[in-house]
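Each chain gets a letter, A, B and so on, in the order its sequence line appears, and its residues count up from 1.
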Amino acid sequence: MSSPLAELDDAHVQQVRTRILDWYAANARKLPWREPETTAWGVLVSEVMLQQTQVARVWEPWLAWMQRWPGPADLAAAEAADVLIMWGRLGYPRRALRLHETAKAVVEKHDGQLPADPELLLQLPGIGEYTAAAVSSFAFGIPEVVIDTNVRRVHARIFTGVGAAAPSLTAAERQLARKLMPDTSTEQGVADANTWNVATMELGALICTARAPKCEECPVLAQCAWVAAGKPEPDVVAKTQSWNGSDRQVRGAIMGVLRAQGTVDVGRLRTTVEATGRLGRHIPESAQWDRAVTGLVDDGLAVLSEDVLTLP
DNA sequence: AAATCGGGGAT
DNA sequence: ATCCCAGATTT
């Protein structure tokens, strides 16, 4: 099949843009980090928390976090242990450490002001291509091309006619996303481009969902190549690693104990962690305990000293 | 390109 | 039970 870019028809693209922008104007969720008084730093904190964690689970932790540490200088001055405790059960606690490091870097290298330039944002720990573009666009009004999992799926369906995007972001997807951005040569165009970013994500989150898309409510149902093709099933994706018995489950259970009591004697680690019930029926071998502890220490999430494991 | 890294809501 | 989630980083 020929490249989807070859088939891109300006009138079609215009219609899709208008319909999605109109849909967003009427259907955008009211999320706390979208309130006009939210600072750029607040937007960054939300984006990091939202990396692989759903909106519903981020909502309250974000509010509590911003109340405790409103700006980068506040977070930079915090103890890593408190940062990890505050991160709570959001998952992937390395994100919390990297955000802490980013706060320090903003204070030390950027005079306490989060940079707006995506190239500078990219150099900060825990900020990758998506987050840099998202912060530039949402917090600073710079019309970067924002591509997250929602955007990829929406583009794949409407313009490529497939049910799901490829496993990892391709050059063709970047090219398509760039071509779909509203023209930014006018002030209105810049505003539209920034709204287009968030609107496409919102459509993917609320209507064009991965599992059971609500096509009957979709503003671009009539423009969708996937629908036109009869909604062919996506290729089966590789099965995700099972959670029960995984190293991640063990690491998570250990972190749970450390967040709750700050420290644990390694001789009691096994009993203490198993008593939390967070491992279910899984009884790790000693090699897995070793891997988990070593991994947490290597990642800076825990410190081992005198046979005692503690938060950093 | 593939593996690793949490945790829970949704189906 | 399995899928999926406003990804980033390392191998």
Under 4.0 Å, counting only non-hydrogen atoms across every strand here, what does [X] touch: a base, just sugar-phosphate, or nothing?
X: A/Arg34; value: base
X: A/Gln249; value: nothing
X: A/Arg89; value: sugar-phosphate
X: A/Trp33; value: base

So, is [X] near the phosphate of [N], with a side-chain N or O under 4.0 Å from OP1 or OP2?
X: A/Thr131; N: C/dA8; answer: yes
X: A/Gln52; N: C/dG7; answer: yes
X: A/Arg153; N: C/dC5; answer: yes
X: A/Thr149; N: C/dA6; answer: no

Does anyone know the first and last nucleotide of DNA chain B in reach of chain A, 5' to 3', at under 4.0 angstrom to a heavy atom?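 The contacted stretch runs from B/dC5 to B/dT11.
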Checking C/dA6, C/dC3, C/dT9 against the side chain of A/Glu202 (C-beta onward), the nearest is C/dA6
Side chain of A/Gln51 - closest among C/dA8, C/dA6, C/dC5: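 Between C/dA8, C/dA6, C/dC5, the one nearest the side chain of A/Gln51 would be C/dA8.
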Taking atom P in both B/dG8 and C/dA8, compute the distance separating them and give it to the nearest angstrom.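 Roughly 22 Å separates the two P atoms.
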For the side chain of A/His110 and the backbone of A/Ala105, is there at least one donor-acceptor N/O pair under 3.5 Å apart? no
